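Chain naming here is simple, since letters A, B, ... match the order of the sequence lines and numbering starts at 1 in each. Predicted, not measured: the structure shown is a model, and the values here were computed from it.
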Amino acid sequence: MSNAVEITPELIAEHGLKPDEYARILELTGRVPTITELGIYSAMWNEHCSYKSSKKWLRTLPTKGERVLVGPGENAGVVDIGDGDVVVFKMESHNHPSYISPVQGAATGVGGILRDVFTMGARPIAALNALRFGAPDHEKTRHIVSGVVEGVGSYGNSFGVPTVGGEVNFDPSYNGNCLVNAFAAGLAKADGIFLSEAKGVGLPIVYLGSKTGRDGIHGATMASAEFDDDSEEKRPTVQIGDPFAEKLLLEACLELMKTGAVIAIQDMGAAGLTCSAVEMGAKGNLGVELNLDMVPCREEGMTAYEMMLSESQERMLMVLDPSKQAEAEAVFEKWDLSFAVVGKTTDDLRFRVFRHGEEMANLPIKELGDEAPEYDRPSIPTPNRTPIATHDVPAPKDIGATLIDMIGSHQLSSRRWVWEQYDQLIQGNTKQGPGGDAAVVRVDGNEKKGLTFAVDVTPRYCVADPIEGGKQAVAECWRNLTATGSLPLAATDNLNFGNPEKPDIMGQLVGCIEGIGEACLALDFPIVSGNVSLYNETNGEGILPTPAIGGVGLLEDINKSMSISFKQAGEAIIVIGKTEGHLGCSTYLRDVLGRNEGTPPTVDLAAEKAHGAFVRDAIQAGRLTATHDVSDGGLLVALAKMAIAGQIGAHITPNADVPLQGWAFGEDQARYIVTLPAQAADAFLADAKAAGVPASQIGQTAQGDLKLEGSAPISLASLTQAYEGWFPTYMAAPDINE
Amino acid sequence: MKARIKVTLKNGVLDPQGKAIAHSLDQLGMSGIDDVRQGKYFEVDLSETDRTKAQATLDEVCRKLLANTVIENYTIELDGDA
Amino acid sequence: MKARIKVTLKNGVLDPQGKAIAHSLDQLGMSGIDDVRQGKYFEVDLSETDRTKAQATLDEVCRKLLANTVIENYTIELDGDA
Amino acid sequence: MKSAVIVFPGSNRERDMLYALEQITGTKPQTVWHAETSLPDVDLIALPGGFSYGDYLRSGAIAARSPIIAALKAAADKGTRILGVCNGFQVLTETGILPGALMRNAGLKFVCKTVRLEIANANTDFTRAYKQGEIIDCPVSHHDGNFFIQEDGLTRLEGEGQVAVRYAEGTNPNGSLNDIAGITNAAGNVLGMMPHPENLIEDLNGGTAGRRLFESVVEAIA
Ligand SMILES: Nc1ncnc2c1ncn2[C@@H]1O[C@H](COP(=O)(O)OP(=O)(O)O)[C@@H](O)[C@H]1O
Ligand SMILES: [Mg+2]
């Protein structure tokens with residue numbers, strides 16, 4: 001394909017460019033763009049790279065804090081954890097590719113986020129994954145679950161990072177559009193952070209990693225006959241991950257960074273070479289000139305267009321100090337990676353691309369990159385719903401049977417089937433992997449210090465009330481980190497929504513961001529990185545708004561971290577926070593009674609903060625033996641999970657002031673269940689009172705079953721069987737491709 | 001009846017395994033090998049004796065279980081085929 | 001020159017993949033398939049043009065790397081073979 | 001005790017192994033890159049877990065053709081203690097230093113969990129700090145741990161006491177023949193095992209039973 005292709009309106013549309021955007025292109029270019037240029041614009045100005053629909057709102061998020069060294073805008077956020085160490089983390093989606101090809105889509109999603117982290121100079125130490133699938137009985141769901149989990153596992157396991165937590169949810173709104181949000185965190189030295197901003201004119205731009213093929217080049221453009229006279233076979237647009245190559249790339253990059261040769265570095269993610277080169281130049285206020293003849297290619301006859309848009313994985317671009325080039329080459333060779341000098345920085349603020357001596361593109365770099373278009377899309381706030389009173393929701397006939405049904409359901413059952421396919425232990429620092437409120441990982445090389453990680457969001461709340469839902473996502477994540485005893489430091493977000501061109505969807509986005517911002521501010525939990533994924537729709541139906549929040553906490557003494565399991569019989573069980581029995585939008589209402597109604601619980605951020613601080617202090621003072629936050633399913637579900645985890649039962653007296661269904665399954669926020677030695681209970685309750693934190697003892701742990709005063713005992717064995725049983729039973733059927 | 005099925009990656013799809021193998025052969029000093037692509041191979045025993053029916057069954061098996069048709073092609077060879 | 005290599009498990013060697021496929025077929029109610037054995041398939045490009053030499057090279061490639069001869073057999077087919 | 005850890009491209013538990021060896025022996029192990037052709041004079045050579053060469057072709061197969069392997073074979077013949085864990089075990093079978101093969105897990109899935117391990121032979125240089133028949137909890141984390149060997153080989157392994165560790169009843173995670181989790185060579189100086197003792201050495205790991213495997217070697221060479 002030569003550069004002489006005629007630019008037609010169809011072609012422009014196929015590149016996802018709107019007429020007004022094309023008008024702007026004509027103005028910026030000063031002429032009709034070449035096909036290569038059109039491809040470059042489409043890549044840079046699409047939602048994924050430019051954040052054109054969300055930028056305005058993202059700017060409202062709190063991103064600063066005492067410990068924040070690098071906030072949003074780089075490959076990942078950087079947060080100070082003391083002793084000269086920093087934690088580097090981010091979350092990113094790979095939704096669409098994972099639906100098309102679950103194994104490869106999920107794998108390359110994990111590969112991409114790991115690359116974001118080590119591009120900054122950090123060694124990845126933990127991975128998490130937030131997964132949303134369609135209804136379990138939808139014909140494609142099982143195949144997608146099976147493939148996504150395999151993909152997530154295969155990449156992280158081979159690369160050598162422990163996968164220590166995540167979420168799995170099912171909802172029909174994801175039937176045609178699963179969500180795969182991958183989180184990764186790494187460890188670096190505060191003085192060893194690398195950024196993407198190019199510095200210095202005339203310096204070599206070096207390509208490192210796997211060779212470039214025709215992977216992932218836009219489906220729409222590839223299908224177009226003008227571009228593809230090779231008619232034998234429609235080329236798949238799926239990228240294949242090569243975790244082995246990525247592991248080599250990691251080691252090579254970290255070794256190279258130590259030599260002092262790296263001036264700027266940027267991984268090639270979405271829109272590969274285009275995006276990485278433009279970002280490096282634009283951020284550094286420099287021009288970039290690329291000679292594509294030097295790019296290591298896997299396939300023959302690749303055109304400039306294809307090379308600029310290829311999404312081949314496991315590749316990096318860097319600006320190197322020319323005086324250290326020989327040293328750098330020795331590292332590349334040791335790790336057997338392809339490398340080449342493919343261009344240089346210039347002072348003309350132009351992005352120029354050459355192929356076979358011909359100039360294929362010559363564009364203004366700032367307008368492509370950090371000055372890309374931005375929209376203020378119309379939005380309609382989500383209408384208020386009618387609240388539901390607790391006593392208007394029927395009580396279960398048999399509370400024990402209902403609990404067993406709930407805990408054995410697709411929503412609340414154990415995800416062991418998933419995480420047993422993930423290496424949770426590698427690197428030897430995992431104190432608590434999946435199965436608790438947050439993962440607990442020791443800071444490598446440090447005797448006591450630990451980091452905690454969690455990802456959370458409750459989409460059914462977000463759809464009912466985006467602002468409260470946004471707040472709740474942050475609060476739950478913060479609470480999960482707190483429940484292990486850690487101090488939440490900062491967060492990353494992954495905003496998954498439908499089509500932003502629809503005002504109601506835009507209203508969800510705006511509302512959720514508002515709630516997230518408010519909660520982050522109130523809880524001192526700044527957003528330091530993130531990712532937006534829009535147009536998650538099938539047949540015109542958007543997914544539930546799903547703004548996933550990933551959080552990181554710090555434990556000064558990892559030996560004091562808490563887990564959720566009951567530790568021994570005879571201990572006091574205390575609930576922190578008020579139980580009012582809020583059942584609107586609850587799991588009980590939706591999944592047991594089949595009613596998708598009501599308003600979500602309100603999030604009282606001051607109460608969250610106070611209750612969290614009280615629990616954290618108690619943990620750090622060594623007063624508690626177990627802690628668990630109360631979320632989906634309410635108090636009784638949380639108690640059951642603590643009992644199952646410890647294989648110890650309890651005697652509980654429900655609070656008679658609240659209808660039983662509300663007491664058991666209400667989802668009031670800002671609550672924790674804690675256990676402690678019985679003789680310490682009174683002093684603890686007195687301290688809570690003094691601190692203005694609602695706390696009440698609801699019973700004690702006991703050998704045997706889970707007993708609620710006034711109901712038949714609920715068998716611990718049955719609970720365990722139901723809880724562990726759902727996933728393996730569901731996945732036992734064969735995995736069919738189509 | 002016996003059948004042999006080959007599943008191969010489509011053109012242009014990255015083959016990390018083939019790449020690693022070719023590289024290893026190079027390191028072992030076995031020159032003259034320019035490229036290796038790895039696929040899967042299946043030997044199937046069928047009780048079906050009707051060739052047309054056997055072919056249809058195998059086709060379904062390939063699409064459902066043996067090949068990921070987004071990235072792979074497959075070919076079926078029944079006993080007696082060339 | 002091009003060559004195709006098949007690597008198959010020896011008789012009596014356990015084949016977890018084949019077994020799992022057969023089990024899935026059973027669950028899917030796809031009757032008529034009695035047994036599945038999974039092997040590997042390679043497509044190799046050689047710069048060698050002499051068939052005898054190519055055969056010898058490939059034989060070495062198989063013995064040294066592509067097949068674990070403790071548990072696997074291999075067959076080589078050069079372009080132009082039946 | 002002096003030790004060395006061989007690192008292949010794609011090894012990923014070498015840092016775990018280096019850490020465990022240093023913690024337990026008090027001496028920093030040497031790291032040996034796969035492209036080298038000689039091994040230092042040490043008491044124990046460890047092959048770590050991971051995905052050497054991405055586990056492409058067959059787990060351990062490409063690593064087993066590395067330049068360092070000739071020296072490894074010579075060390076094995078000479079009686080140097082060699083420990084291969086997980087991918088290290090796979091490399092040892094691929095080199096022929098240990099018999100058998102590690103096939104895909106029977107469930108076809110990667111499996112990471114704690115299993116119960118029975119010390120099937122407490123008379124080896126790697127297990128002497130355990131009691132015969134003792135059962136410990138130990139993590140596994142692998143995709144290809146399904147040990148297979150032809151019948152005569154199996155008879156020999158069992159007859160000669162070469163099965164060092166076994167998955168305790170009901171916990172075989174991968175379909176291994178006779179629940180085999182780890183075997184030694186006939187001379188007893190080489191152990192290959194799928195479970196990860198190097199991830200079971202301090203309280204943070206939820207147990208310390210893995211230490212004794214390394215302590216056994218320290219004792220054996222003393
Ligand atoms: N995809 C996954 N990968 C790893 N761990 C997971 C995954 N999904 C769930 N988990 C783990 O299972 C446990 C229960 O998850 P969840 O019910 O969402 O916890 P919570 O309600 O406390 O946030 C958590 O420890 C979580 O980290
Ligand atoms: Mg959660």
Side-chain angles (χ1 to χ4, degrees), chain B residues 1-11 15 17-51 53-67 72-77 81-82, chain C residues 1-11 15 17-51 53-67 72-77 81-82:
Chain B
M1 190 168 348
K2 284 190 186 299
R4 285 161 300 283
I5 296 169
K6 291 174 196 161
V7 175
T8 51
L9 286 170
K10 289 188 177 172
N11 262 337
D15 176 13
Q17 307 219 60
K19 191 172 98 179
I21 292 165
H23 184 252
S24 169
L25 290 171
D26 213 49
Q27 300 279 295
L28 288 172
M30 309 211 32
S31 56
I33 309 266
D34 299 328
D35 190 37
V36 180
R37 302 270 291 170
Q38 179 166 345
K40 291 182 196 132
Y41 174 69
F42 300 90
E43 289 173 348
V44 181
D45 282 356
L46 296 98
S47 44
E48 183 60 66
T49 50
D50 178 298
R51 295 180 62 82
K53 283 192 196 147
Q55 179 76 34
T57 306
L58 291 172
D59 213 66
E60 192 183 347
V61 170
C62 283
R63 279 182 292 106
K64 284 198 171 156
L65 289 175
L66 303 186
E72 291 170 331
N73 293 324
Y74 59 88
T75 56
I76 299 168
E77 202 182 289
D81 284 1
Chain C
M1 189 165 350
K2 286 193 184 298
R4 286 161 300 282
I5 296 171
K6 290 173 196 163
V7 174
T8 50
L9 289 170
K10 289 188 174 168
N11 268 337
D15 174 15
Q17 275 136 324
K19 216 165 116 183
I21 293 164
H23 178 69
S24 290
L25 289 171
D26 224 44
Q27 278 179 294
L28 289 173
M30 303 200 39
S31 56
I33 306 234
D34 300 329
D35 191 35
V36 181
R37 303 271 291 169
Q38 179 165 344
K40 296 188 183 109
Y41 174 68
F42 302 90
E43 288 172 347
V44 181
D45 282 356
L46 296 97
S47 43
E48 184 59 65
T49 50
D50 179 298
R51 294 179 64 81
K53 282 193 197 147
Q55 179 75 36
T57 305
L58 290 172
D59 211 66
E60 197 184 345
V61 164
C62 286
R63 275 183 294 106
K64 281 205 175 153
L65 186 66
L66 293 189
E72 292 169 331
N73 294 323
Y74 60 88
T75 57
I76 300 167
E77 202 182 288
D81 284 1

- Item | Working for side chain to side chain contact (heavy atoms under 4.5 Å, CB included), residues C/K40 and B/Y41 | CA-CA 5 Å; C/K40 296 188 183 109; B/Y41 174 69; 5.8 Å; no
- Message: Heavy-atom cut-off 4.5 Å, strictly under: side chain, backbone, both or neither for C/K6 against chain B?
- Response: side chain
- Heavy-atom distance under 4.5 Å to chain B: side chain of C/L65, backbone, both or neither? side chain
- Look up atom CG in C/D45 and atom CD1 in B/I33, then write down how far apart they are to the nearest 0.5 Å. 9.5 Å
- Message: Looking at every heavy atom in both C/E43 and B/T8, which two are closest together, and how far apart are they?
- Response: OE2-CG2, 3.9 Å
- B/L66 CG to C/Q38 CD distance, which is reported to the nearest 0.5 Å: 8.0 Å
- Answer yes or no: does atom NZ of B/K2 have more than 12 heavy-atom neighbours from other residues, nucleotides or ligands under 6.0 Å? no
- Query: Who among C/K53, C/E60, C/Q17, C/E48 has the most heavy-atom pairs with chain B under 4.5 Å?
  - Reply: C/E60
- Task: Please test B/L28 against C/V61 for side chain to side chain contact (heavy atoms under 4.5 Å, CB included), starting from the C-alpha separation and ending with a verdict.
- Result: CA-CA 10 Å; B/L28 288 172; C/V61 164; over 6 Å; no
- C/I5 versus chain B, the contacting section by heavy-atom distance below 4.5 Å: neither
- C/M1 CE to B/D34 CG distance, which is reported to the nearest 0.5 Å: 11.5 Å
